[in-house]
Structure formats: structure tokens, C-alpha cells
2 protein chains.
Amino acid sequence: MKRKALPKRIHAKQKRLSPDDRRKEFVAKATEFFADEGFGGGTRDLARRLGVTQPLLYRYFPSKGDLIKEVYRTVYLEPLDTGWEKLLCDRSRPIRDRLQEFYRAYTAVIFTRKWLRIYLYSGLKGLDINRWYVGVVRDKILTRIIRECRHEAGLPAHTRPTASELEMAWVFHSGIFYYGVRKYIYESPVLEDKQQMISDALDVFLAGFERVFGSTVDTGRAPVPAAGRAALSL
Amino acid sequence: MKRKALPKRIHAKQKRLSPDDRRKEFVAKATEFFADEGFGGGTRDLARRLGVTQPLLYRYFPSKGDLIKEVYRTVYLEPLDTGWEKLLCDRSRPIRDRLQEFYRAYTAVIFTRKWLRIYLYSGLKGLDINRWYVGVVRDKILTRIIRECRHEAGLPAHTRPTASELEMAWVFHSGIFYYGVRKYIYESPVLEDKQQMISDALDVFLAGFERVFGSTVDTGRAPVPAAGRAALSL
DNA sequence: ATAGTTAGTGATCAAGCGATAAACAATTCA
DNA sequence: TGAATTGTTTATCGCTTGATCACTAACTAT
């Protein structure tokens with residue numbers, strides 16, 4: 001591209017990017033690379049994919065582990081905190097709309113081959129950042145969802161969710177999450193229309209939640225239907 | 001234990017097991033080992049855990065890959081096919097009981113650190129056996145569940161499930177599945193009572209399914225409530 | 001007992017790994 | 001222009017990996 005004089009040695013490509021751009025490029029492509037190969041992938045293969053030589057990586061990152069940490073940081077933190085909490089709590093809109101929009105936006109971020117694979121790999125490594133992320137989902141998302149569901153059902157919404165309620169929110173959330181795993185990790189055929197999946201899942205969850213945990217306010221049913229939470233009879 | 005005369009060399013332990021027992025022991029412990037370390041774990045570490053030397057592995061398995069294949073086989077195939085299909089289709093019992101018992105049994109098999117980790121690792125490798133397993137779950141479990149749900153809701157139960165119905169079964173199933181992942185992979189606190197989680201999830205799913213996909217037969221509601229499957233309004 | 005078979009071991013190879021040091025090339029500034 | 005600086009490569013080190021080979025010791029059959 002931009003080469004003044006032919007160097008004596010035949011260096012196929014010598015870009016000489018600004019350090020900051022180079023670093024960002026390294027982290028971005030390393031994310032893809034480790035998503036594909038797992039974190040056992042070699043630094044030589046990674047460098048080949050980057051179009052540079054392997055030792056150059058060590059000018060930008062002290063060790064492979066540090067590069068990986070940076071990959072984690074960008075994957076986990078970059079897409080987060082985009083006003084989702086406020087969206088979930090905006091009671092001027094119907095709860096169903098809020099949840100639908102939230103999950104549309106949330107899945108638009110995490111339903112990529114890259115994100116899901118890095119997430120699963122880091123989960124298998126038992127990393128702290130993964131535990132932290134699970135905690136964030138629980139406290140910032142699921143707890144709010146339950147609060148809003150309670151409010152909708154005419155239940156007191158200011159107390160902390162019960163363990164059972166939280167668990168149901170997890171089951172619902174994980175069900176949606178696994179749609180992405182099936183599609184991008186297992187590469188299994190899924191319902192092509194993601195929005196409909198979310199919509200249906202929401203319908204099932206909201207209807208079921210109210211019926212199982214809801215009060216008598218607007219249903220006329222007993223608070224906890226006997227058939228609904230019956231003990232296992234076998 | 002059983003040593004006639006002290007050998008000249010100090011061989012700490014020389015068990016000399018029958019080949020068949022040895023092989024089984026190797027596969028079993030290799031499963032645990034790879035579940036812990038991932039399939040990148042070294043053969044030397046594995047051998048150390050087995051209490052033998054590394055070359056001995058190659059007397060029983062031509063290569064590390066072959067050993068791993070055998071691990072897959074035992075993990076995936078061994079616990080399968082225990083009459084679950086018949087259980088699901090036994091219409092002499094209430095559908096809720098059947099599903100509850102099925103998921104109690106199913107999760108008793110797969111909710112182990114070992115099973116879940118091997119499953120996730122193999123999924124990330126994109127192995128055929130993993131795709132096969134996903135197909136089995138879809139055809140042998142979820143399709144039957146939907147058929148029974150339809151029967152329960154007074155819908156025709158002999159036609160193949162729609163893509164939407166199948167997707168909802170996946171969301172439900174995955175939600176339960178991920179309870180195990182949260183507990184054994186992320187080691188995150190979960191609702192201690194697994195049975196209650198299953199029970200509640202079932203209640204939500206059954207109530208929601210009937211409301212979203214159900215007919216008018218026993219509910220007196222419109223077949224597809226307008227509010228239930230409304231298009232997203234944003 | 002003794003010969004034959006085979007489970008198990010120690011030593012080692014070639015290849016690949018992460019990481020380092022020194023040489024070189026491109027840019028910047030005097 | 002020439003010196004200093006910094007990005008990039010070549011060459012290489014020490015270590016680990018999967019795999020192999022020759023050998024030893026335990027079991028089996030006669």
C-alpha cells in the first residue's frame with residue numbers, strides 16, 4: 001500500500017499501525033480466534049491470523065494470559081450497561097412491551113457466535129468474571145423482572161423476590177439464552193423468527209407466572225392454586 | 001498388597017489388573033479428568049491420576065483421540081434409553097405427573113458435574129455426537145411432550161408439532177437444563193429444592209402453553225388470545 | 001519348575017508450546 | 001541529513017506435549 005522503497009528483505013506486509021489501533025485490532029481478532037479455537041489455541045496460529053509474527057504479540061501483551069484477560073473484559077463489559085435497567089422499570093409502558101424490547105436488545109448483543117463461545121469457555125474455566133456476570137444478570141435483570149411481574153399481578157413489589165420466583169425467572173431467562181446456544185454453538189436449526197420465540201416465551205412466562213405466583217386481585221382464583229403447586233404424587 | 005518378593009526396582013505399585021477392568025477404569029477416570037481439565041488436559045496428568053505411567057495409556061487406546069471418543073460414548077450413551085418415551089406417553093396418568101417424573105429422572109442423570117462439563121466441552125467442539133444428542137432430545141422427548149400437551153388441551157395430537165410449539169418446548173427444557181449448568185458449572189447458588197424448581201417450571205409451562213397454544217375446549221377463551229400473541233408494538 | 005505371554009515401565013523422540021533477546025526496519029525529531 | 005526511538009522480525013531457549021521403543025516383571029499353561 002504505502003511503501004517508500006523496497007526493503008532488502010522481502011517482508012510481505014509491514015503495516016506499522018499506531019500502537020492503540022494495533023492493540024485494539026489484536027484484542028478484537030484474538031476474541032474471534034479464541035472463540036473459534038478455545039483458549040488452548042496457540043499464539044502462533046493467532047499471529048498468523050493477524051498477519052503478523054508471533055513475538056509481536058508480546059510487545060503488546062506481557063503474556064498470553066493477559067491477552068485473554070483483555071478479551072474477557074471487552075466481551076463481558078463492552079456491551080453491558082445500555083440503560084436496560086431503566087427500560088425494565090419504566091411503568092409507563094406495559095410490562096410485556098418492556099420485556100419484549102429488553103430481550104430483543106439483550107439477545108441482539110449476546111446472540112453471536114463470538115459472545116456465546118467466549119462466555120461458555122470462560123464459564124467452564126470457573127472464572128471470577130463469569131460468576132460476577134451471573135450475579136449481574138440476577139441482580140440487575142431478573143430481580144427487576146420479578147418486581148415488575150409482581151407489580152403487574154398486584155403483589156407487593158418492594159420486597160426481595162423469593163427463591164422460587166427467582167428460580168422461575170432463571171428458567172425463563174435461560175430458556176431464551178439457550179436459543180442462542182442452540183443456534184450458534186450447536187448450529188442446530190431453530191425457529192427462524194427470533195422475535196416470535198421471545199414473544200411466545202414471554203406469553204408463556206407471564207401467563208404462567210401470574211397463575212402460579214399471582215394473587216387473587218384480577219384473576220379471582222386462589223392465591224396459590226392447589227393444583228398448581230401440588231407436591232409430587234409419586 | 002499382593003507382592004511375592006520385593007522387585008529389584010522400586011515400582012511403587014503394580015496392580016496388573018485384567019485388561020477389561022483396566023480399560024473400564026481408564027475410561028471412567030479419564031471422563032472425570034477431562035471433565036475437570038477439558039480435553040486439552042495432558043496424558044501425563046491423566047496417567048498420574050490413574051496411578052500408572054503415561055505410556056500404558058497407549059496400550060489400551062491407540063491415541064488420545066480414541067480415548068476421548070470412548071469417553072464421549074460412555075457419557076452420552078450409557079445413561080440413555082431408560083424407558084422415558086413410554087413414561088411420557090402413558091396417558092393413564094396425568095400429564096403433569098408424567099412430566100414431573102420424567103424430569104426428575106432425566107435431571108438425576110444429567111445434573112452432575114461430570115456429565116454437564118463433558119456435554120458443554122463436546123458442544124463447543126461441534127462434535128457430531130453432540131448434534132445427534134440434540135436431535136434425540138428433540139425427537140424423543142420434546143416432540144412427545146408437545147403431543148401430550150396438545151392431547152391435554154384438546155388439540156389434534158397426531159400431527160407434527162409446529163416450529164413455534166417445538167421452540168417453546170425447547171425454551172422450557174433448556175430452562176430446566178440450565179438449572180444444572182448454574183449449579184454444577186457456574187457453581188452459583190440455586191433454589192436448593194430441585195423438585196420444586198421442576199414443579200414450578202412445569203406449572204408455568206403447562207399453564208402458559210395451554211393459554212398460548214391451547215384451544216377453547218376447556219378454557220372458554222378464544223383460541224389464540226389477541227393479547228397473547230400480539231405483534232411487538234415498538 | 002519353566003517357557004511363553006502380556007501388563008506395565010523408563011527413556012526418549014519430534015513437534016509444538018509460551019516466551020525472550022538481539023537484529024532490523026520504519027518513523028520521529030534535532 | 002543523521003541520531004534516537006519504536007514497531008517488527010528472525011532465531012532461539014526451555015519446557016511440555018503426544019507418541020514410540022526396548023525392556024522388565026507378573027501371570028498362565030504346561
Side-chain angles (χ1 to χ4, degrees), chain A residues 1-27 29-30 33-34 36-72 121 125, chain B residues 1-30 33-34 36-71 121 125:
Chain A
M1 309 296 181
K2 174 196 175 184
R3 193 180 305 164
K4 287 181 179 177
L6 216 60
K8 288 155 193 168
R9 298 293 199 95
I10 309 162
H11 287 164
K13 359 179 170 168
Q14 231 162 189
K15 296 184 182 176
R16 192 100 183 178
L17 294 184
S18 93
D20 212 48
D21 291 350
R22 214 353 75 134
R23 221 186 130 82
K24 281 175 187 164
E25 188 201 356
F26 278 11
V27 174
K29 293 226 178 153
F33 175 77
F34 288 127
D36 285 339
E37 308 290 330
F39 293 105
T43 54
R44 273 164 247 263
D45 288 342
L46 168 57
R48 193 175 308 128
R49 206 189 272 208
L50 284 162
V52 299
T53 52
Q54 179 243 7
L56 189 57
L57 293 173
Y58 289 86
R59 172 156 299 263
Y60 292 90
F61 307 94
S63 73
K64 183 186 177 184
D66 291 272
L67 170 55
I68 291 178
K69 273 183 198 166
E70 198 113 342
V71 167
Y72 285 136
Y121 275 123
K125 284 218 277 186
Chain B
M1 310 293 180
K2 173 195 178 187
R3 194 181 302 166
K4 286 182 178 176
L6 217 58
K8 289 155 194 170
R9 301 291 199 93
I10 309 160
H11 286 166
K13 4 181 165 167
Q14 227 162 193
K15 296 183 182 176
R16 188 103 183 175
L17 292 186
S18 93
D20 212 47
D21 291 349
R22 199 38 128 193
R23 223 185 128 83
K24 281 176 188 164
E25 187 201 358
F26 277 12
V27 173
K29 294 226 176 153
F33 175 77
F34 287 126
D36 287 339
E37 307 290 329
F39 293 106
T43 53
R44 271 164 248 263
D45 289 342
L46 168 58
R48 193 174 310 125
R49 204 187 274 207
L50 284 161
V52 299
T53 53
Q54 181 242 7
L56 188 59
L57 294 172
Y58 289 85
R59 173 162 298 267
Y60 291 89
F61 307 95
S63 74
K64 184 186 176 184
D66 289 273
L67 169 56
I68 291 178
K69 274 185 199 166
E70 198 113 342
V71 167
Y121 275 123
K125 285 219 278 184

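Numbered from 1 within each chain, the chains take letters A, B, ... in sequence-line order. Keep in mind it's a predicted model, so treat the numbers as computed, not measured.
- Note: CG (L56(B)) to P (dT24(D)) measures 18 Å, nearest angstrom.
- Position along DNA chain D of the nearest nucleotide to K64(B) versus V52(A) favours V52(A) as the more 5'-ward residue.
- Across all non-hydrogen atoms, the minimal contact from T53(B) to A47(B) is C-CB, 3.7 Å.
- With dA19(D), dT8(D), dG10(C) as the candidates, the nucleotide lying closest to the side chain of Q54(B) is dA19(D).
- In this structure, the ring of Y72(A) has its center less than 6.0 angstrom from the ring center of F39(A).
- Of the side-chain N and O atoms in Y60(B), one or more sit less than 4.0 angstrom from OP1 or OP2 of dG8(C).
- Of the candidates dA19(D), dA19(C), dG8(C), dA19(D) carries the atom nearest the R44(B) side chain, counting heavy atoms from C-beta on.
- In the set dG18(C), dA11(D), dG7(D), dG7(D) carries the atom at the smallest distance from any side-chain atom of R59(A).
- At dG8(C), none of the side-chain N or O atoms of T53(B) fall inside 4.0 Å of OP1 or OP2 (strictly under the cut-off).
- Across all strands shown, G41(A) has heavy atoms under 4.0 Å from sugar-phosphate atoms exclusively, and none from any base.
- With sequence neighbours excluded, no residue satisfies salt bridge (Lys or Arg N to Asp or Glu O under 4.0 Å) with K69(B).
- Residue G40(A) is out of contact with every strand shown, counting any heavy-atom pair closer than 4.0 Å.
- Under the salt bridge (Lys or Arg N to Asp or Glu O under 4.0 Å) rule, E70(B) has a single partner from R23(B), K24(B), K64(B), which is R23(B).
- The side chain of D45(B) approaches dT17(D) more closely than any other nucleotide in the set dA7(C), dT17(D), dA19(C).
- One can place CD of E37(B) at 15 Å from C1' of dT16(D), the figure rounded to the nearest angstrom.
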